[in-house]
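All values below were derived from every heavy atom in this structure, side-chain atoms included, with hydrogens, water molecules and symmetry-related copies excluded. The residues of the chain are indexed from 1 along the displayed sequence. Note that ligands are numbered from 1 as they come in the structure, with each ligand's atoms numbered from 1 the same way.
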Amino acid sequence: MTKPVQNNSSPATDPSARFTADQAAQATLLLGQSIDFPQVDQIRHCPKAALVIVQGRIAWHGPAAELSVTQQSFATVVDYGNAWIIPGLIDTHVHAAQMPVIASWGEQLLDWLNRYTFPAERRFEDPVIARQQSDVFLDALLAHGTTTAMVFGTVHEAATDALFEAARERRMALIAGKVLMDRNCPDYLSDTADSGFDASARLIHRWHGTDRLQYAVTPRFAPTSTEAQLERAGALQQEARGLYLQTHVSENPDEVSWVQSLFPKSRDYVDVYQHYGLLHERSVLAHGLHLTDREWTALREHQARIAVCPTSNTFLGSGLFDFARAEREGVVLGLASDVGGGTSLSQLVSAAEAYKVGQLQGYKLTANALWHQMTAGNARALHLDTQIGSLDSGKMADLVVLDSTRSANLSARLAHANSLEEALFATLILGDERLTRATWVAGERLYSA
Ligand code: GUN
Ligand code: ZN
């Protein structure tokens, strides 16, 4: 999230991408105002755009006037008028089982986990509930315009199967994993070093690389795993190529002290993960609010990602993420909701909160940088940028249609916007899931308001 130089441009059109009427007869055509954010300093905007979708991918994107065949030639045509067609939003850290405890009063992290979160996750021990709730969760993501997420499951193997099955049915690109947790948690949520390893290995072999699904080895956080389990988490990463690692780090001061007492030989919190080989470029560590100089250096050197979770951090009173420091260190960031610690699945709401967290520390995040982060930036953080995150031809047709007329407040504000950047900024500050008119995944419309 660096400060951009404004650089508006139109999508590059490929004149060789001419469609015959026969090809169009198999294709979907979306019309609207296209906007994407391929670089932190670049907005591409086409006020009257056409997006042609063939076999789930964007086959052509450019001014509608340059289409080589008539609109009537297409199998399906959807005209969104002046609504914005943008790349699907990406959430780099969220919990599938925590929607029922979103907005729970009063506690900070450790009490919040014990009082609200663990009991909520227990419900996923029933595979039928897990399947129903996974459907509810993924449909909620889509209604919020989020087409890809990195997701914490629960400790239950069958519930993690249910989550992957639900994502596969929707053809979503999802990264998820079964939580590993063998101490400092209720017995009803505890696995062991061995059972956690075995269940994760089975899930990896069933799901990693199936369709658009990938697996993340998921130790909850250092306090809930024994050294034996962390060691086995390190070994799990050898089960397949391209596995991810997701966990939490340095979220709350009491948590940081607890980690120090549980791991007296470790130099610091990050060192616990580093020691077990859990720190690498496919590691996504949520929060990172109270890091030491050494920890920042280790994160940079191992190219680990931090998932920044601003609505969670203010809601749980955890602290303020230091954007300036991350920029100086060159640590790659993702933006994330962290629901149910976070208070909204809307990435617009996360971006607005990130802006306010920056303001409290004298760091200005621009509209450009924030929209880039929600799309191409988060795709890069998750190593998915060759597939999603922009409207380039060849990318998967994961799209969201945002319609400002769905909010009277926002419409009134936009009537006074003098530039696209001003409109983009007001939209992320005032907008939320109510703006979502439609969400498309792999060229299929999965949500329609
Ligand atoms: N640290 C360990 N588990 C959790 C969780 O579920 N949510 C958040 N915000 N932090 C955690
Ligand atoms: Zn979390």
K.L.:
Starting from atom 6 (O) of ligand 1, locate the nearest protein heavy atom and write down its residue, its atom name and how far away it is, to 0.1 Å.
P.N.:
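It is Arg220 NH2, 2.7 Å.
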K.L.:
Going by the closest heavy atom to atom 5 (C) of ligand 1, which one wins out of Thr117, Leu113, Thr224?
P.N.:
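Nearest heavy atom to atom 5 (C) of ligand 1 lies in Leu113.
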K.L.:
For Glu251, counting its heavy atoms only, list the atoms of ligand 1 lying under 4.0 Å from any of them.
P.N.:
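The list of qualifying atoms is 1 (N), 8 (C), 9 (N), 10 (N), 11 (C).
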K.L.:
For the side chain of His61 and the backbone of Leu391, is there at least one donor-acceptor N/O pair under 3.5 Å apart?
P.N.:
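Yes, His61 side chain to Leu391 backbone: donor-acceptor pair under 3.5 Å.
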K.L.:
When you measure from the centre of the six-membered ring of Phe263, is the NZ or CZ of Arg183 closer than 6.0 Å and no more than 45° off the axis?
P.N.:
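Judged by the rule, Arg183 and Phe263 form a cation-pi pair.
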K.L.:
Are the aromatic ring centres of His95 and Phe152 under 6.0 angstrom apart?
P.N.:
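Here the rings of Phe152 and His95 have centres that are less than 6.0 Å from each other.
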K.L.:
Would His287 count as a contact for the Zn ion (ligand 2), in the sense that one of its N, O or S atoms lies under 2.8 Å from it?
P.N.:
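His287 does not place any N, O or S atom closer than 2.8 Å to the Zn ion (ligand 2).
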K.L.:
Going by the atom numbers of ligand 1, which of them fall below 4.0 Å from some non-hydrogen atom of His95?
P.N.:
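Every atom of ligand 1 under 4.0 Å from some heavy atom of His95: 5 (C), 6 (O), 7 (N).
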K.L.:
At what distance is the nearest protein heavy atom to atom 9 (N) of ligand 1, and which residue and atom is it?
P.N.:
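Looking at atom 9 (N) of ligand 1, the protein heavy atom closest to it is Asp338 OD2, 2.7 Å.
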K.L.:
Less than 3.5 Å apart, which donor and acceptor atoms pair up between the side chains of residues 304-326 and the rest of the protein, not counting sequence neighbours?
P.N.:
{"from": "Arg305", "atom 1": "NE", "to": "Glu281", "atom 2": "O", "distance (Å)": "3.4"}
{"from": "Arg305", "atom 1": "NE", "to": "Ala381", "atom 2": "O", "distance (Å)": "3.0"}
{"from": "Arg305", "atom 1": "NH1", "to": "Gln303", "atom 2": "O", "distance (Å)": "3.0"}
{"from": "Arg305", "atom 1": "NH2", "to": "His383", "atom 2": "NE2", "distance (Å)": "3.4"}
{"from": "Thr311", "atom 1": "OG1", "to": "Thr343", "atom 2": "N", "distance (Å)": "3.0"}
{"from": "Ser312", "atom 1": "OG", "to": "Asp338", "atom 2": "OD2", "distance (Å)": "2.8"}
{"from": "Asn313", "atom 1": "ND2", "to": "His287", "atom 2": "ND1", "distance (Å)": "3.0"}
{"from": "Asn313", "atom 1": "ND2", "to": "Cys309", "atom 2": "O", "distance (Å)": "3.3"}
{"from": "Thr314", "atom 1": "OG1", "to": "Pro310", "atom 2": "O", "distance (Å)": "3.1"}
{"from": "Thr314", "atom 1": "OG1", "to": "Thr311", "atom 2": "O", "distance (Å)": "3.4"}
{"from": "Thr314", "atom 1": "OG1", "to": "Glu353", "atom 2": "OE2", "distance (Å)": "2.6"}
{"from": "Asp322", "atom 1": "OD1", "to": "Ala324", "atom 2": "N", "distance (Å)": "3.4"}
{"from": "Asp322", "atom 1": "OD1", "to": "Arg325", "atom 2": "N", "distance (Å)": "3.0"}
{"from": "Arg325", "atom 1": "NE", "to": "Glu329", "atom 2": "OE2", "distance (Å)": "2.8"}
{"from": "Arg325", "atom 1": "NH1", "to": "Asp293", "atom 2": "OD1", "distance (Å)": "3.2"}
{"from": "Arg325", "atom 1": "NH2", "to": "Asp293", "atom 2": "OD1", "distance (Å)": "3.0"}
{"from": "Arg325", "atom 1": "NH2", "to": "Glu329", "atom 2": "OE2", "distance (Å)": "3.0"}

K.L.:
Could you identify the N, O or S atom of His93 positioned closest to the Zn ion (ligand 2)?
P.N.:
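Atom name of the closest N, O or S in His93: NE2.
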K.L.:
What I'd like to find out is whether the side chain of Glu433 reaches to under 4.5 Å of the side chain of Leu345, using heavy atoms alone.
P.N.:
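Heavy-atom side-chain distance check fails, nothing below 4.5 Å.
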K.L.:
Has Cys309 got an N, O or S atom lying less than 2.8 Å from the Zn ion (ligand 2)?
P.N.:
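Cys309 does not place any N, O or S atom closer than 2.8 Å to the Zn ion (ligand 2).
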K.L.:
May I ask you to identify, for Gln98, whether its side chain, its backbone, both or neither come under 4.0 Å of ligand 1 on a heavy-atom basis?
P.N.:
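It is the side chain that touches ligand 1; the backbone stays farther off.
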K.L.:
Please report the shortest heavy-atom distance between Asp36 and Arg44, naming the atom on each side.
P.N.:
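Of all heavy-atom pairs spanning Asp36 and Arg44, the closest is OD2-NH2, 2.6 Å.
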K.L.:
Would you say Trp112 contacts ligand 1, with heavy atoms under 4.0 Å as the rule?
P.N.:
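It does, in that a heavy atom of Trp112 comes within the 4.0 Å cut-off of ligand 1.
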K.L.:
Between His275 and Ser266, do the side chains contain an N or O donor and an N or O acceptor separated by less than 3.5 Å?
P.N.:
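No - no donor-acceptor pair under 3.5 Å links their side chains.
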K.L.:
Could you check whether any side-chain N or O of Gln274 sits under 3.5 Å from a backbone N or O of His302, counting only pairs where one atom can act as donor and the other as acceptor?
P.N.:
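Checking the backbone N and O of His302 against the side chain of Gln274, no donor-acceptor pair under 3.5 Å is found.
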K.L.:
Which is the closest N/O/S atom of Asp338 when seen from the Zn ion (ligand 2)?
P.N.:
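Answer by atom name: OD1.
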K.L.:
Donor-acceptor pair, distance only, cut-off 3.5 Å: does the side chain of Asn252 make one with the backbone of Asp254?
P.N.:
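Side chain of Asn252 to backbone of Asp254, a donor-acceptor pair under 3.5 Å: yes, one is there.
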K.L.:
Among the N, O or S atoms of His248, which one sits nearest to the Zn ion (ligand 2)?
P.N.:
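Closest N, O or S atom of His248 to the Zn ion (ligand 2): NE2.
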K.L.:
Strictly under 4.0 Å, does any heavy atom of His287 approach an atom of ligand 1?
P.N.:
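It does, in that a heavy atom of His287 comes within the 4.0 Å cut-off of ligand 1.
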